[in-house]
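Everything below concerns the one structure shown next.
Nothing here was measured: the structure is a model prediction, and the numbers come from that model. Note that ligands are numbered from 1 as they come in the structure, with each ligand's atoms numbered from 1 the same way.
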Amino acid sequence: ACQHRLWPEIDRISMEQLRYARLGVGEGGWQLFAEDGEMKMYKREEEVNGMVVDPLKACHMVRGVTGHEMCHYFFSPDVRMDWETTVEQMTVIETIAEDTLVFLQVHKRIWPASQRDSLFWSHMRQVPDHNDRDGHDIWIVCNHSTENPDFPSNNGKFVRVTLTVCLVCQTFIDPPKDGAQIVRDNITCKITYCSVVNPGGWAPASVLRAVYKREYPKFLKRFTAYVIDQCKEKPIMF
Ligand SMILES: O=S(=O)(CCO)c1ccc(-c2ccc(C3CCCC3)c([C@H]3C[C@H]3c3ccccn3)c2)cc1
C-alpha cells in the first residue's frame with residue numbers, strides 16, 4: 001500500500017479525520033439534533049453552491065465490543081449489505097492493500113432527488129493512543145471519495161456524491177476483580193462517527209435535511225446493533 005499513488009492522500013486524510021473526530025463538539029457551531037440513550041448526533045448546517053452538505057458528528061458508547069471489532073465490520077465488504085440498508089449495490093473496484101479498498105456504491109434513490117452513486121477509498125488502521133492510560137489503541141476507518149477513469153462520475157445514470165466519513169473507536173476495559181479473564185461485559189467502545197456528504201447535484205434542502213435527520217440515527221443504531229450481535233458468541237478481538 002505504501003507505494004500506491006493514493007497512499008500519501010490516504011495517510012494524510014486518515015490522520016486529519018482522526019484529529020477532526022477527536023475535537024469536541026463544544027465549539028464550532030455543532031447543534032445536537034438526535035439523542036438515543038448513549039448516542040448523541042450533532043450537525044452543522046452548511047451549504048455549498050446552494051447544496052446542503054451538513055457535516056455530521058455522532059458520539060456513542062457501546063458496551064460489549066472493541067474498537068477493533070467495530071472497525072472490522074464497518075470496513076468489511078463481505079458484510080456491508082447485511083447492515084447498510086440504504087445501498088442498492090456495492091462493488092470493490094480496487095484492492096490497494098488488505099486494509100485499503102476502493103468501493104463503488106449505488107445508493108437507494110431518495111425521492112424526488114435523482115439516484116446517487118459514490119466511489120471512495122476505505123482505509124482501516126490502528127493508531128497508538130499516547131494519552132490512554134489503559135493502553136488500548138484507537139481504531140479508525142476512513143472513507144474518502146476518489147476518482148477512477150474506469151468509473152467516471154455523472155455517467156448519465158447516477159449523480160456522483162462526494163463524501164468523507166470516519167469511524168473512530170476507542171476501547172475501554174473495566175478490569176474484572178481478582179485477575180479474572182476479561183469478558184465482553186468489561187468492555188466499552190467509544191465511537192465517534194463523522195461524515196460530510198456533498199450530494200453532487202441539486203437536491204431540495206428540506207428533503208435532504210429530513211433524510212439526514214431520519215437516516216443517520218437509524219444507520220448508526222442499526223450498525224452498532226449488528227456488530228454487537230455478530231460478536232456476542234465470538235472470542236473478543238482486541
Ligand atoms: O458511512 S458510509 O461510508 C457507509 C458505507 O455506505 C456512508 C454513509 C452514508 C452515505 C450517504 C450517501 C448518499 C446520501 C444522500 C445524498 C443525496 C442523496 C443520497 C447520504 C445521505 C442521505 C443520508 C444518509 C445517511 C445515512 C444513510 C443513508 N443516507 C449518505 C455514504 C456513505
Side-chain angles (χ1 to χ4, degrees), residues 10 13-14 17 20-21 33-34 36 39 41-60 70-93 99-124 139-146 153-154 157-169 191-227:
I10 292 168
I13 302 259
S14 297
Q17 284 298 303
Y20 172 72
F33 77 88
D36 185 324
M39 182 176 74
M41 286 212 154
Y42 304 84
K43 70 169 184 174
R44 282 205 314 258
E45 297 213 346
E46 284 178 15
E47 300 192 8
V48 169
N49 304 330
M51 289 184 299
V52 165
V53 294
D54 298 356
L56 178 118
K57 182 178 275 198
C59 304
H60 200 2
M70 203 48 90
C71 285
H72 169 80
Y73 286 99
F74 185 72
F75 175 79
S76 169
D78 306 346
V79 300
R80 171 93 14 113
M81 299 308 276
D82 294 351
W83 58 267
E84 175 54 289
T85 56
T86 66
V87 165
E88 231 167 53
Q89 284 164 39
M90 182 272 314
T91 319
V92 174
I93 61 164
D99 63 6
T100 310
L101 305 173
V102 182
F103 288 88
L104 177 64
Q105 297 195 155
V106 176
H107 297 265
K108 285 180 180 168
R109 183 169 177 234
I110 291 174
W111 187 89
S114 41
Q115 192 161 18
R116 260 73 179 176
D117 69 0
S118 58
L119 195 154
F120 55 91
W121 51 256
S122 183
H123 174 60
M124 176 165 68
W139 282 85
I140 174 171
V141 174
C142 185
N143 297 342
H144 181 77
S145 290
T146 190
S153 53
N154 303 333
K157 286 200 294 285
F158 308 114
V159 174
R160 174 75 41 95
V161 302
T162 51
L163 59 88
T164 302
V165 165
C166 75
L167 180 72
V168 175
C169 298
I191 297 172
T192 305
Y193 172 85
C194 300
S195 93
V196 180
V197 177
N198 182 318
W202 189 79
S206 55
V207 168
L208 270 190
R209 289 198 162 118
V211 173
Y212 280 36
K213 191 173 173 70
R214 184 184 71 235
E215 289 298 335
Y216 274 116
K218 216 165 80 178
F219 165 83
L220 199 60
K221 273 183 67 177
R222 180 182 174 88
F223 172 65
T224 50
Y226 174 80
V227 176

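Side chain of Arg214 to backbone of Pro217: no donor-acceptor contact under 3.5 angstrom is found. At least one donor-acceptor pair closer than 3.5 Å links the side chain of Lys108 to the backbone N or O of Thr85.
Per-residue contacts place Gln105 under 4.0 angstrom from the following atoms of ligand 1 (heavy atoms of the residue considered): 5 (C), 6 (O). Those atoms of ligand 1 that come under 4.0 Å of a heavy atom in Leu163, given as number and element, are 31 (C), 32 (C). Of all atoms in ligand 1, numbered sequentially from 1 with element shown, those under 4.0 Å from a heavy atom of Glu84 are 4 (C), 5 (C), 6 (O). Annotation for ligand 1: atoms under 4.0 Å from non-hydrogen atoms of Val211 are 22 (C). Atom numbering of ligand 1 starts at 1 in the shown order; those under 4.0 Å from a heavy atom of Phe219 are 1 (O).
Residue, atom and distance of the protein heavy atom nearest to atom 10 (C) of ligand 1 are His107 CE1, 4.0 Å. When only non-hydrogen protein atoms are considered, atom 21 (C) of ligand 1 lies nearest to Tyr212 CE1, 3.4 Å. Protein heavy atom nearest atom 18 (C) of ligand 1, with residue, atom name and distance: Arg116 CD, 3.8 Å. The protein non-hydrogen atom at the shortest distance from atom 3 (O) of ligand 1 is Asn143 ND2, 2.9 Å. Closest to atom 29 (N) of ligand 1, if we only count protein heavy atoms, is Glu215 CB, 4.1 Å. The protein heavy atom nearest to atom 16 (C) of ligand 1 is Val197 CG1, 4.0 Å. Protein heavy atom closest to atom 15 (C) of ligand 1, with residue, atom name and distance, is Ile110 CD1, 4.3 Å.
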task = Could you go through the side chain to side chain contact (heavy atoms under 4.5 Å, CB included) check for Phe120 and Val165 one step at a time?
result = CA-CA 10 Å; Phe120 55 91; Val165 165; over 6 Å; no

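For the residues Phe120, Trp83, Tyr193, Phe74, the heavy atom positioned nearest atom 7 (C) of ligand 1 is part of Tyr193. If you check each of Val159, Thr86, Val53, Leu56 against atom 28 (C) of ligand 1, the one with the closest non-hydrogen atom is Thr86.
A donor atom on one side chain and an acceptor atom on the other are not found under 3.5 Å apart for Tyr212 and Asp54. Counting only N and O atoms by type, the side chains of Gln105 and Glu84 include no donor and acceptor under 3.5 Å apart.
Here the closest non-hydrogen pair linking Ile140 and Cys166 is CD1-CB, 4.5 Å.
We find the OG-CG distance between Ser118 and Asn198 to be 12.5 Å, quoted to the nearest 0.5 Å. For the atom pair NZ of Lys57 and CZ of Arg44, the computed distance is 8.5 Å after rounding to the nearest 0.5 Å.
Using cut-offs of 30° and 60° on the angle between ring planes, the pair Phe74 and Trp83 is parallel.
Contact annotation: Leu208 has at least one heavy atom less than 4.0 Å from an atom of ligand 1.
Geometrically, Arg209 does not engage Phe33 in a cation-pi contact defined by less than 6.0 Å to the ring centre and at most 45° from the axis.
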